[in-house]
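Notes to accompany the following structure.
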Amino acid sequence: MTPFAARVLAVVRRIPPGRVAAYGDVARLAGRPKACRAVGNIMRDAQEPGVPYHRVIAAGGRLGGYGGNVGLKRALLRAEGITVTGTRVRDFARVRWEAARPQATGLRRRHDRSLKPEV
DNA sequence: AATCTGACTGTTG
DNA sequence: CCAACAGCCAGAT
């Protein structure tokens with residue numbers, strides 16, 4: 001377990017049920033804004049139990065991968081109330097984890113940095 | 001130290 | 001929407 005990997009897992013663990021985060025989001029929260037690709041590698045190799053890896057998706061609400069079992073990823077997300085159409089998460093902007101956004105009503109201005117989760 | 005890999009991303013055509 | 005590219009980065013060889 002490398003230091004960066006540990007930070008990444010710590011971030012992923014904080015994603016609440018019913019919410020998702022993009023690889024890039026996780027990278028940013030873990031302190032390496034451009035390490036989205038590295039995050040993917042870590043997700044793939046990680047073995048830690050109790051980590052909601054399925055809540056980490058690709059940019060734009062695309063599903064991304066899941067160790068070759070995207071079907072399971074989709075099922076897990078749906079089980080949390082997230083609607084997945086094909087390989088896309090519907091209303092990505094609303095279920096995207098920008099913690100502390102009180103309720104994802106979509107009525108707030110996007111790109112609000114004051115309510116981001118702590119890093 | 002050099003290379004290779006890919007659960008990625010953004011741009012371009 | 002899709003494919004091709006280029007950029008990027010931690011980790012494994």
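Worth knowing before you read on, the calculation uses all heavy atoms, side chains too, and leaves out hydrogens, waters and symmetry mates. Bear in mind the structure is a predicted one, so any value in this text is a computation, not a measurement. Below, read A as the first sequence line, B as the second, and so on, with proteins coming before strands; counting in each chain starts at 1.
- In this structure, A/Tyr66 reaches the bases: a heavy-atom distance under 4.0 Å links it to at least one base atom across the strands shown.
- Under a 3.5 Å cut-off, the side chain of A/Arg62 and the backbone N or O of A/Ala59 do form a donor-acceptor pair.
- The only member of A/Arg74, A/Lys73, A/Arg55 that meets salt bridge (Lys or Arg N to Asp or Glu O under 4.0 Å) when paired with A/Glu80 is A/Arg55.
- Distance A/Asn41 CG to B/dT5 P: 12 Å, rounded to the nearest Å.
- A straight line from CZ of A/Arg28 to C1' of B/dC8 spans 15 Å, rounded to a whole angstrom.
- Within 6.0 Å of CZ in A/Arg90 there are 12 or fewer heavy atoms belonging to other residues, nucleotides or ligands.
- Of the possible polar contacts, none joining the A/Asp91 side chain to the A/Arg94 backbone as a donor-acceptor pair under 3.5 Å is found.
- In terms of modelled atom types and a separation under 3.5 Å, the side chain of A/Tyr53 and the main chain of A/Val12 share no donor-acceptor contact.
- Residue A/Ala5 is in sugar-phosphate contact alone, with no base atom involved, counting any heavy-atom pair closer than 4.0 Å across all strands shown.
- Taking 3.5 Å as the limit, the base of C/dG7 and the side chain of A/Arg37 contain a donor-acceptor pair of atoms between them.
- Near DNA chain B, meaning a heavy atom under 4.0 Å away, the residues from residues 69-85 of chain A are A/Lys73.
- Of the two residues near DNA chain C, A/Pro3 and A/Arg88, the one whose nearest nucleotide lies more 5' is A/Arg88.
- In this model, the phosphate group of B/dT9 is approached by a side-chain N or O of A/Arg62 to a distance below 4.0 Å at OP1 or OP2.
- Of the residues in residues 53-61 of chain A, those with a non-hydrogen atom less than 4.0 angstrom from any atom of DNA chain B are A/Tyr53, A/Ala58, A/Ala59.
- In this structure, the separation between CG on A/Leu9 and CZ on A/Arg14 is 13.0 Å, given to the nearest 0.5 Å.
- Residue A/Arg44 has its side chain nearest to B/dG6 when only C/dC9, B/dT9, B/dG6 are considered.
- No hydrogens or angles were tested; on distance alone, a donor-acceptor pair under 3.5 Å links the side chain of A/Tyr23 to the base of B/dA7.
- Of all non-hydrogen atoms in A/Cys36 and A/Ala27, the two that sit nearest each other are N-CB, 3.6 Å.
- Distance, A/Leu63 CG to B/dT9 C1': 16 Å, rounded to whole Å.
- The two residues A/Val26 and A/Val11 have their closest heavy-atom pair at CG1-CG1, 4.1 Å.
- The distance between atom CG of A/Asp25 and atom C1' of B/dA7, rounded to the nearest whole Å, is 15 Å.
- Across all their heavy atoms, A/Arg19 and A/Trp97 have their closest contact at NH2-CA, 3.9 Å.
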